[in-house]
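Keep in mind that the numbers below use all heavy atoms, side chains included, and drop hydrogens, waters and symmetry copies.
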Amino acid sequence: MPIYLKSPEQIEAMKEAGRISAMVLRKAGALARPGVSTLEIDQFVESEIRAAGGVPAFKGYAGFPGSICASVNEQVVHGIPSATAVLKEGDILSIDTGAIVDGWVGDNAWTYPVGRISPEKEHLLRVTEECMWAGISAARAGNHLGDIGHAVQEIAEGAGYGVVREYVGHGIGRQMHEEPNVPNYGRRHGGIELREGMVLAIEPMINMGTRKTRAMPDGWLVVTRDGKPSAHFEKTVAITPDGPLVLTTEPGYERPVG
């Protein structure tokens, strides 16, 4: 499959999908409180995306029923929102949101604490976010896919965590999933060369214990094999002449890429 390079004008056009995706993710995270169900968060996000002029990117994608993926504790990714999945004090919740605007897709995720969480979970979240920013920093023209994966893997495994291998980041644009796949592991200078105009969803999935996962019978939810918690952080990033440009962000919430 070809890799679709985006022009500067197309990257500019993707910013609105990115802004809405980031805005609803931030608002959804504020709802991650004890007693709230993941279905309530899902319904809120769908309403907010549509009110902002977007279309939920996940709803109906390959038959997925929700507007968010909501994955709690040992759930790695692709959790289906449910009225019976009620958050408890001490949980961690990965929320993955996406919006389509004018045919362009934005995709991002964040793992939120629910109330007060253990120091072990706090450390997992802190390290996984650090992994994401390291991967983003490596997304520069002239580097290689392996540089992104190596940056993530080095930090995660250095902290004693497992790096999920069965599920990876991806190219993104007019479609949610485009070429290339973006693994969260790899060796420096390995894989294809990164070029200006590539737009990638960089999304470390890091487990507190083993990297091994298990797919559940619903065909969507993925959990850790050992039942230990997992964290997931994601941004949509364009490779530009000036370095990585995070597209899933809002004015006032930007963070410089190192």
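- Aromatic ring centres of Tyr161 and His123: separated by under 6.0 Å.
- Side chains of Lys212 and Thr224 form no contact here, defined as non-hydrogen atoms less than 4.5 Å apart.
- No hydrogens or angles considered: a donor-acceptor pair under 3.5 Å links the side chains of Ser230 and Asn207.
- In this structure, Leu93 is not a member of the same hydrophobic cluster as Val86, with clusters built from ILVMFWY side-chain heavy atoms closer than 4.5 Å.
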Subject >> Worked check of salt bridge (Lys or Arg N to Asp or Glu O under 4.0 Å) between Glu89 and Arg116 >> reply: CA-CA 6 Å; Glu89 183 87 12; Arg116 296 184 64 179; 5.7 Å; no

Subject >> Derivation and outcome, side chain to side chain contact (heavy atoms under 4.5 Å, CB included), residues Val182 and Val168 >> reply: CA-CA 6 Å; Val182 184; Val168 297; 5.6 Å; no

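- Counting non-hydrogen atoms of neighbouring residues, nucleotides and ligands closer than 6.0 angstrom, the CG atom of Asp218 exceeds 12 such neighbours.
- Of all the heavy atoms in Ile155 and Val127, the pair that sits closest is CG2-CG1, 4.0 Å.
- In this structure, Arg174 places its CZ atom where more than 12 heavy-atom neighbours from other residues, nucleotides or ligands lie under 6.0 Å away.
- Summarising the geometry, atom CG belonging to Leu39 is positioned 8.5 Å from atom CD1 belonging to Ile68; distances are rounded to the nearest 0.5 Å.
- Checked by atom type and distance alone, the side chain of Gln153 pairs as donor or acceptor with a backbone atom of Gly186 at under 3.5 Å.
- Checked by atom type and distance alone, the side chain of Ser21 never pairs as donor or acceptor with a backbone atom of Gly98 at under 3.5 Å.
- Between Leu247 atom CG and Met14 atom CE the span is 6.0 Å, to the nearest 0.5 Å.
- Judged by distance alone, the side chain of Thr128 and the main-chain N or O of Ala231 form no donor-acceptor pair under 3.5 Å.
- Shown here for Ala138 and Ala151, the closest heavy-atom pair between the two residues is CB-CB, 4.4 Å.
- The heavy-atom pair separating Ile11 from Lys6 by the smallest distance is CG1-CB, 3.8 Å.
- For Lys121 against Pro229, the heavy-atom pair with the smallest separation is CE-CG, 3.9 Å.
- Atom OH of Tyr4 sits in a sparse spot, with 12 or fewer heavy atoms from other residues, nucleotides or ligands closer than 6.0 Å.
- Electrostatic pairing of Glu130 and Arg126 does not count as a salt bridge here, judged by no charged N lying under 4.0 Å from a carboxylate O.
- Considering every non-hydrogen atom in both Asn184 and Tyr167, the closest pair reads ND2-O, 4.2 Å.
- With no hydrogens or angles considered, no side-chain donor-acceptor pair links Asn73 and Lys228 at under 3.5 Å.
- Residues satisfying the ring-ring contact (aromatic ring centres under 6.0 Å, His included) criterion with His170, sequence neighbours excluded, are His177.
- The closest donor-acceptor contact from the side chain of Ser137 to the backbone of Trp133 lies at 3.5 Å or more, if one exists at all.
- In this structure, Lys235 contributes its side chain and Ile136 its backbone to no donor-acceptor pair below 3.5 Å.
- At a cut-off of 3.5 Å, with distance as the only test, a side-chain donor of Thr213 or Glu166 sits close to an acceptor on the other residue.
- When hydrophobic clusters are built by joining Ile, Leu, Val, Met, Phe, Trp and Tyr residues whose side-chain heavy atoms come closer than 4.5 Å, directly or via intermediates, Val24 is grouped together with Phe44.
- Panel note: side chain Asp91, backbone Val114; no donor-acceptor pair is recorded below 3.5 Å.
- Of the possible polar contacts, none joining the Glu46 side chain to the Asp42 backbone as a donor-acceptor pair under 3.5 Å is found.
- Leu194 contributes atom CG, which lies 5.0 Å from atom CG of Leu145 (distance to the nearest 0.5 angstrom).
- Between the side chain of Gln43 and the backbone N or O of Glu40, no donor-acceptor pair lies under 3.5 Å.
- Under a hydrophobic clustering in which Ile, Leu, Val, Met, Phe, Trp and Tyr are joined whenever their side-chain heavy atoms come within less than 4.5 Å, directly or via other members, Leu124 and Val72 fall into the same cluster.
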Original post:
Checking side chain to side chain contact (heavy atoms under 4.5 Å, CB included) for the pair Val246/Thr236: CA distance, chi angles, key distance, verdict?
Top reply: CA-CA 6 Å; Val246 175; Thr236 297; over 6 Å; no

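- Note that the CD atom of Glu203 and the SG atom of Cys131 stand 13.5 Å from one another [nearest 0.5 Å].
- Distance check: Glu16 CD to Ile100 CD1 gives 14.0 Å after rounding to the nearest 0.5 Å.
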Original post:
Under the salt bridge (Lys or Arg N to Asp or Glu O under 4.0 Å) criterion, do Arg255 and Glu129 qualify, and how do the steps go?
Top reply: CA-CA 12 Å; Arg255 167 177 161 159; Glu129 182 186 352; 3.8 Å; yes

**OP:** Kindly determine whether Arg19 and Thr249 satisfy side chain to side chain contact (heavy atoms under 4.5 Å, CB included), including the steps that lead there.
**Re:** CA-CA 5 Å; Arg19 183 192 69 80; Thr249 191; over 6 Å; no

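- A donor-acceptor pair under 3.5 Å links the side-chain atoms of Thr38 to the main chain of Ser82, judged by distance alone.
- Connection of Ile206 to Tyr112 is established within a shared hydrophobic cluster, with ILVMFWY side chains joined at heavy-atom distances below 4.5 Å, either directly or through further cluster members.
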Original post:
Between Gln175 and Val105, does a side chain to side chain contact (heavy atoms under 4.5 Å, CB included) hold up when you go through it step by step?
Top reply: CA-CA 7 Å; Gln175 303 295 324; Val105 184; over 6 Å; no

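- With rounding to the nearest 0.5 Å, the separation of CG in Asn143 from CZ in Arg195 is 15.0 Å.
- Side-chain N or O atoms of Asp147 include none that pairs as donor or acceptor with a backbone N or O of His150 at under 3.5 Å.
- Val163 and Ile148 fall within the same hydrophobic cluster, defined by Ile, Leu, Val, Met, Phe, Trp and Tyr side-chain heavy atoms under 4.5 Å apart, directly or through other members.
- Of the N and O atoms on the side chains of Thr97 and Asn108, at least one donor lies less than 3.5 Å from an acceptor on the other residue.
- Side-chain contact check for Ile239 versus Leu200: some heavy-atom pair is nearer than 4.5 Å.
- Annotation: side chain of Val76 is not in contact with side chain of His232 (no heavy-atom distance under 4.5 Å).
- Scanning both residues, Ala99 and Ile49, for their nearest heavy atoms gives CB-CG2, 4.0 Å.
- Sorted by first and then second residue, the ring-ring contact (aromatic ring centres under 6.0 Å, His included) pairs involving residues 204-227 (not counting sequence neighbours) are Phe64-Trp220.
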